[in-house]
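In each ligand, atom 1 is the first atom listed, and ligand 1 is the first ligand listed. Computed from a predicted structure; not experimentally measured.
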Amino acid sequence: MTKYLTDDLQLSHFDGGLHLDGHKSMSTERPVSRLEPGPRYVLPLQQHIGASSQPVVAKGDRVLKGQMVARPGNLVSAAIHSPVSGTVVDIRPADVPHISGLQDDCIIIENDYRDEWVERKPLGDEYNNTSPSDLRRLFRDAGIVGLGGATFPAAVKQTEVNVRTLVLNGVECEPYISCDDMLMRNQAAAILTGAEIIAHVIKARECIIAIEDNKPEAIAAMREVVARDTTGFFEVVVVPTIYPSGGEKQLIKILSGKEVPSNKYPAEVDMLVHNVATSYAIYRAVYFDEPLISRLATVTGEGVREPQNIEVLIGTPMSDCIEHCGGYLDNSEELIMGGPMMGFTVSNDAAPVIKATNCLLVTTADAATVATGPAGTKPGAHMPCIRCGKCVTVCPVRLLPQQMYWYASSKNMDRVQEHNLFDCIECGCCAYVCPSEIPLVQYFRFAKTTIRQQERERKHSDIARQRHEAHQQRLEKQKREREEKLRKKREMLKQKSAAGNGDDSKKAAIAEALARAQEKKLARQQDLPKAASTAEQEQAPSERDKQES
Ligand code: SF4
Ligand code: SF4
């Protein structure tokens, strides 16, 4: 079989990056455990990149396990399913894990403990005879998103077809997180089958399973199942441990030496990257008709009693996960969702586990976790930038973090965008090395959110302006048509009057006078909306001023 990338494979490396202490064995020493179902599940409608999901159930509805309770909001979105059988007790804003700390709309389901599944019809091996578009629809309906943390809808990613190389990302480079490692150790064959299904959808011609060299057990497990495959389609590639080699573009650079251009996707260089956990979820969807209602998550850190990996239903309160792992230690300080580099502090542990929850990290004031990464850094408690340039040296995307910080902090969004803000993968390397302890990533996230908000507002005002202009054009057209009609009528009457005698001529004169009166009346009526629209226009600047102020 022809190999493209893996024939004579020479690993490359990306710029910058950091060698970090892994702290992974803390959670891999215990076996994966499963959380028993709890009484209540909170399902945020926004758990993925893209539009919020739209509820398809109402308060009081009975739902079955695996039943879709919210459909995708638009093309880039994902469905949400009930993790248990029970009753929808509310649909309202509740605490969710988000950087903003704000509440968001959620579907709240009370468990009836009957564990009744919705009817399922697994596709199984039939996927080989199923079209890629039907499989994409299946993934979309199953609510499958990228489980490496990005949560980009899997079906949307797979609209790229004839991509030569499928890359399964088992790198998991961020310290403390070990759920992908444990998944590969325990579910290697299922991950491989998931990869076969994805390869069928995108018509890939080879598949690389990339794993960092600090996961020997996972490497051995994946190699064992790959060895059973005689097609030569799969290859396990071991990459050096350096953070953030699990970033999509960084991994592609390591494997192929190629750079994915700014604002472009990996398909640009004939590759598509999926996390190993996403591949496993796809396998479950195809072979068990099981939507994404659970995931593997690492509960770890110096502040939790029994760090381990758990299989947990989406919607479970984070506090239940911590409790399952022995509870908080007395010196525990902060709960972070994600790792120490890219995660963020969760202010209320009643917030639910969502599709993006790959790790719950509990820090302590005296342990290394706070110093390990910028996730728990408090804004405002930093010193001024001394222009040392260390942040530039470690940036894997070759950005200028100190310049971006300067413009973001002075709210000069045009300038920060000119410095390719949206290429920043929020890896946290810059903040990690910054001697002034500036929470650079928080500034960059703030700038991105502000710019996106400004763009949304600009789009709305553009739409309003276009509507107003279209309305004006319609009025003008109607006016022209009416004038033309009246002109024709007058002409006809004139001709009649010229051709007719006494009485006819009088009648025609009366009709003509009536037509003129009607014309004036219509003109007055037309002036009314015009006057109203002029008044609207005169009012518009003050409305705008109000918004701007
Ligand atoms: S967070 Fe952004 S700017 Fe900082 S090192 Fe990572 S990619 Fe570069
Ligand atoms: S590392 Fe910190 S202090 Fe040094 S240049 Fe970057 S932002 Fe400034």
Side-chain angles (χ1 to χ4, degrees), residues 13-20 49 99 148-150 152 169 171-177 241-254 259-266 273 336-345 356 359 370-452:
H13 50 82
F14 57 88
D15 292 304
L18 293 167
H19 293 280
L20 300 170
I49 288 182
I99 298 166
F152 191 76
N169 188 346
V171 171
E172 196 170 47
C173 56
E174 193 163 355
Y176 287 92
I177 309 177
T241 299
I242 179 168
Y243 180 81
S245 52
E248 198 169 68
K249 292 186 176 179
Q250 285 66 43
L251 184 55
I252 286 174
K253 173 83 183 183
I254 292 172
E259 301 256 3
V260 180
S262 177
N263 291 324
K264 298 281 179 195
Y265 295 109
V273 184
I336 290 170
M337 188 178 106
M341 301 297 284
M342 297 182 78
F344 57 89
T345 303
C359 180
V370 174
T372 301
T377 320
K378 307 262 185 318
H382 64 80
M383 287 165 282
C385 171
I386 54 168
R387 303 243 145 208
C388 64
K390 285 185 178 175
C391 52
V392 181
T393 318
V394 296
C395 179
V397 192
R398 290 189 298 226
L399 299 175
L400 297 173
Q402 88 280 36
Q403 293 295 109
M404 285 159 54
Y405 157 66
W406 178 257
Y407 292 121
S409 60
S410 55
K411 298 194 175 65
N412 188 341
M413 297 306 161
D414 288 339
R415 294 289 282 150
V416 74
Q417 229 175 327
E418 281 169 21
H419 282 77
N420 299 319
L421 170 75
F422 284 94
D423 281 351
C424 167
I425 57 169
E426 299 175 18
C427 66
C429 289
C430 51
Y432 179 86
V433 297
C434 177
S436 298
E437 295 182 1
I438 302 172
L440 294 161
V441 183
Q442 294 187 25
Y443 280 98
F444 304 155
R445 282 175 181 158
F446 162 76
K448 284 180 184 177
T449 309
T450 308
I451 291 167
R452 285 191 187 115

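In summary, the atoms of ligand 1 found under 4.0 Å from a heavy atom of Pro396, numbered by their order in the structure, are 5 (S). For ligand 1, the atoms closer than 4.0 angstrom to any heavy atom of Val397 are 7 (S). Interface of Phe444 with ligand 1, defined as ligand atoms under 4.0 Å from a residue heavy atom, comprises 3 (S). If you number the atoms of ligand 1 from 1 as listed, the ones under 4.0 Å from a heavy atom of Gly428 come out as 1 (S), 6 (Fe). Counting the atoms of ligand 1 from 1 in the order shown, those under 4.0 Å from a heavy atom of Ile425 are 7 (S).
Residue Cys427 does not count as close to atom 2 (Fe) of ligand 1, with no N, O or S atom under 2.8 Å. Within the 2.8 Å limit, Cys395 places at least one N, O or S atom next to atom 8 (Fe) of ligand 1.
Residues Tyr176 and Pro340 meet the side-chain proximity criterion, which asks for heavy atoms closer than 4.5 Å. Contact of the Glu248 side chain with the Phe152 side chain is not registered, since no non-hydrogen atoms from C-beta on lie closer than 4.5 Å. The closest side-chain heavy-atom distance from Phe14 to Val397 is not below 4.5 Å. In this structure, the side chains of Cys429 and Cys395 stay at 4.5 Å or more apart for every pair of heavy atoms.
Judged purely by atom type and a 3.5 angstrom limit, Ser436 uses its side chain to pair as donor or acceptor with the backbone of Pro384. Judged by distance alone, the side chain of Asn169 and the main-chain N or O of Gly148 form no donor-acceptor pair under 3.5 Å.
Ring geometry for Tyr443 versus His382: interplanar angle over 60°, hence perpendicular rather than tilted (30 to 60°).
For Lys448, the NZ atom sits in a packed shell: over 12 heavy atoms of surrounding residues, nucleotides or ligands are nearer than 6.0 Å.
In terms of the salt bridge (charged side-chain N to carboxylate O under 4.0 Å, His left out) criterion, residue partners of Arg398 (sequence neighbours excluded) are, by chain and number, Asp15, Glu259.
Taking 2.8 Å as the limit, the number of protein N, O or S atoms around atom 6 (Fe) of ligand 2 is 1.
Heavy atoms of Val394 come nearer than 4.0 angstrom to ligand 1 in no pair at all.
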Does the pair His419 and Tyr407 meet the rule for a ring pair (Phe, Tyr, Trp, His ring centres under 6.0 Å), with working shown? CA-CA 9 Å; His419 282 77; Tyr407 292 121; 5.4 Å; yes

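Protein heavy atom at the shortest distance from atom 2 (Fe) of ligand 1 is Cys424 SG, 2.4 Å.
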